[in-house]
Amino acid sequence: MTSDKRRAPAGAAVLRGDITRAIRRALMQELAAVGYGRLSIEAVARRAGVSKTAIYRRWSSKLDLVIETVVAAAGSKLPALDTGSLRGDLTLLFQVVAHALSHPLASQIIPDLLAEAARNPTIDETLQQLLRAKQQEIGGRLIGLAVERGELPADTDADAAVDLIVGPLYWRLAIARTPLTPTYLDLLVESVAIGLTANGTVPRPRAAPVSG
């Protein structure tokens with residue numbers, strides 16, 4: 001059995017939390033610095049100040065380390081989106097998302113992982129699952145509250161609404177990489193709120209054409 005196939009220790013208490021956190025921090029820094037393709041366990045271990053053995057006790061491979069760490073980072077809970085109004089909830093959500101996407105590590109890691117997903121089915125599936133989960137979380141909370149308040153109708157398409165909410169901000173920060181200003185965020189909140197409530201709702205999915 002090679003050193004790359006070590007089994008996890010029987011006692012969970014052996015895995016010190018401070019070492020695990022140090023490895024995760026080092027992984028994110030190394031991933032931002034060199035990208036997934038050039039990432040190595042050796043480099044992560046050096047940056048974290050631990051042995052390769054400490055990493056392999058927790059993760060069986062580079063892929064497992066990256067996926068588990070990214071999932072843990074992306075799984076952080078959103079704040080309670082219940083300010084009392086749709087515009088207030090949008091403002092809070094945009095502030096949180098803008099802060100996350102503006103972080104130097106995120107701005108480097110996200111494009112790299114998206115590019116890697118086109119070549120790696122496991123990473124692609126993991127990212128798709130994360131995106132769907134976040135979409136459902138945002139849609140279920142923000143759109144659900146707006147429906148309860150009567151700001152949006154009950155049959156609002158949550159998926160289309162979330163695309164309209166998150167899409168412009170992601171495009172500006174992750175793709176165009178254009179700095180945000182308070183004025184732009186205010187304009188975005190107003191534009192999205194108007195778009196969501198135009199004619200009472202966002203567009204519904206069209207019914208499939210009847211053949212015959």
Side-chain angles (χ1 to χ4, degrees), residues 28-29 31-33 35 69-118 123-124 126-207:
M28 298 296 280
Q29 293 165 355
L31 191 59
T69 301
V70 170
V71 168
S76 56
K77 295 295 184 181
L78 288 169
L81 296 175
D82 191 4
T83 64
S85 71
L86 175 61
R87 282 174 171 77
D89 290 350
L90 287 172
T91 299
L92 178 58
L93 178 62
F94 285 159
Q95 290 171 347
V96 172
V97 174
H99 177 75
L101 292 178
S102 298
H103 194 285
L105 292 183
S107 65
Q108 294 167 299
I109 290 173
I110 291 175
D112 177 73
L113 285 181
L114 290 175
E116 189 64 33
I123 292 179
D124 180 56
T126 299
L127 291 179
Q128 291 299 325
Q129 290 175 349
L130 282 174
L131 290 173
R132 284 195 296 270
K134 280 299 179 183
Q135 187 176 43
Q136 292 170 357
E137 182 181 2
I138 295 172
R141 186 178 303 181
L142 190 149
I143 303 303
L145 287 170
V147 169
E148 290 178 7
R149 299 187 198 106
E151 295 172 296
L152 294 174
D155 59 349
T156 296
D157 188 314
D159 287 344
V162 172
D163 287 345
L164 180 60
I165 292 168
V166 180
L169 200 57
Y170 179 79
W171 171 266
R172 187 177 180 95
L173 290 174
I175 306 300
R177 299 194 179 191
T178 305
L180 291 174
T181 64
T183 300
Y184 175 81
L185 281 178
D186 290 343
L187 177 62
L188 186 59
V189 168
E190 191 64 23
S191 298
V192 172
I194 291 173
L196 288 172
T197 56
N199 298 321
T201 185
V202 296
R204 283 23 171 234
R206 293 183 178 179

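As a basis for the values below, the full set of heavy atoms in this structure was taken, side chains included, without hydrogen atoms, waters or symmetry mates. Numbering of residues begins at 1 and proceeds along the displayed sequence.
- Counting all heavy atoms, side chain and backbone alike, G139 lies closest to A158 at CA-CB, 4.5 Å.
- For the atom pair CG (L114) and CD1 (I110), the distance works out to 7.5 Å, reported to the nearest 0.5 Å.
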- Message: Show, in sequence, the C-alpha distance, side-chain angles and deciding distance for R132 and D159, and conclude whether the salt bridge (charged side-chain N to carboxylate O under 4.0 Å, His left out) test is met.
- Response: CA-CA 9 Å; R132 284 195 296 270; D159 287 344; over 6 Å; no
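- When all heavy atoms of V147 and P153 are compared, the pair lying nearest together is CG2-O, 3.4 Å.
- Here the shortest heavy-atom pairing between L127 and A117 reads CD1-CB, 3.9 Å.
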- Determine, stepwise, if the pair I165 / L196 fulfils side chain to side chain contact (heavy atoms under 4.5 Å, CB included). CA-CA 9 Å; I165 292 168; L196 288 172; 4.2 Å; yes
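- Distance check: L180 CG to L173 CG gives 4.0 Å after rounding to the nearest 0.5 Å.
- Using a 4.5 Å cut-off on side-chain heavy atoms (C-beta onward), V192 and F94 make contact.
- Under the side-chain hydrogen bond (donor to acceptor under 3.5 Å, both in side chains) criterion, the residue pairs touching residues 163-176 are Q135-D163, with sequence neighbours excluded.
- The shortest side-chain heavy-atom distance between V166 and I138 falls under the 4.5 Å cut-off.
- Residues L185 and T91 fail the side-chain proximity criterion, which asks for heavy atoms closer than 4.5 Å.
- Between R149 and D82 there is a side-chain heavy-atom pair separated by less than 4.5 Å.
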- Could you check L142 against L86 for side chain to side chain contact (heavy atoms under 4.5 Å, CB included), going step by step and ending with a plain yes or no? CA-CA 8 Å; L142 190 149; L86 175 61; 3.6 Å; yes
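- Annotation for A161 and I143: closest pair CB-CD1, 3.6 Å, computed over non-hydrogen atoms.
- V70 is not listed as a side-chain neighbour of I123, based on a closest heavy-atom distance of 4.5 Å or more.
- Side-chain atoms of D124 do not come within 3.5 Å of backbone N or O of A118 as any donor-acceptor pair.
- Summarising the geometry of G195 relative to L164, their closest heavy-atom pair is C-CD2, 4.0 Å, with the distance given to 0.1 Å.
- How far CG of L31 is from CD1 of I109: 4.5 Å, rounded to the nearest 0.5 Å.
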- Task: Tell me, with the steps shown, if R87 and I194 meet side chain to side chain contact (heavy atoms under 4.5 Å, CB included).
- Result: CA-CA 10 Å; R87 282 174 171 77; I194 291 173; 4.0 Å; yes
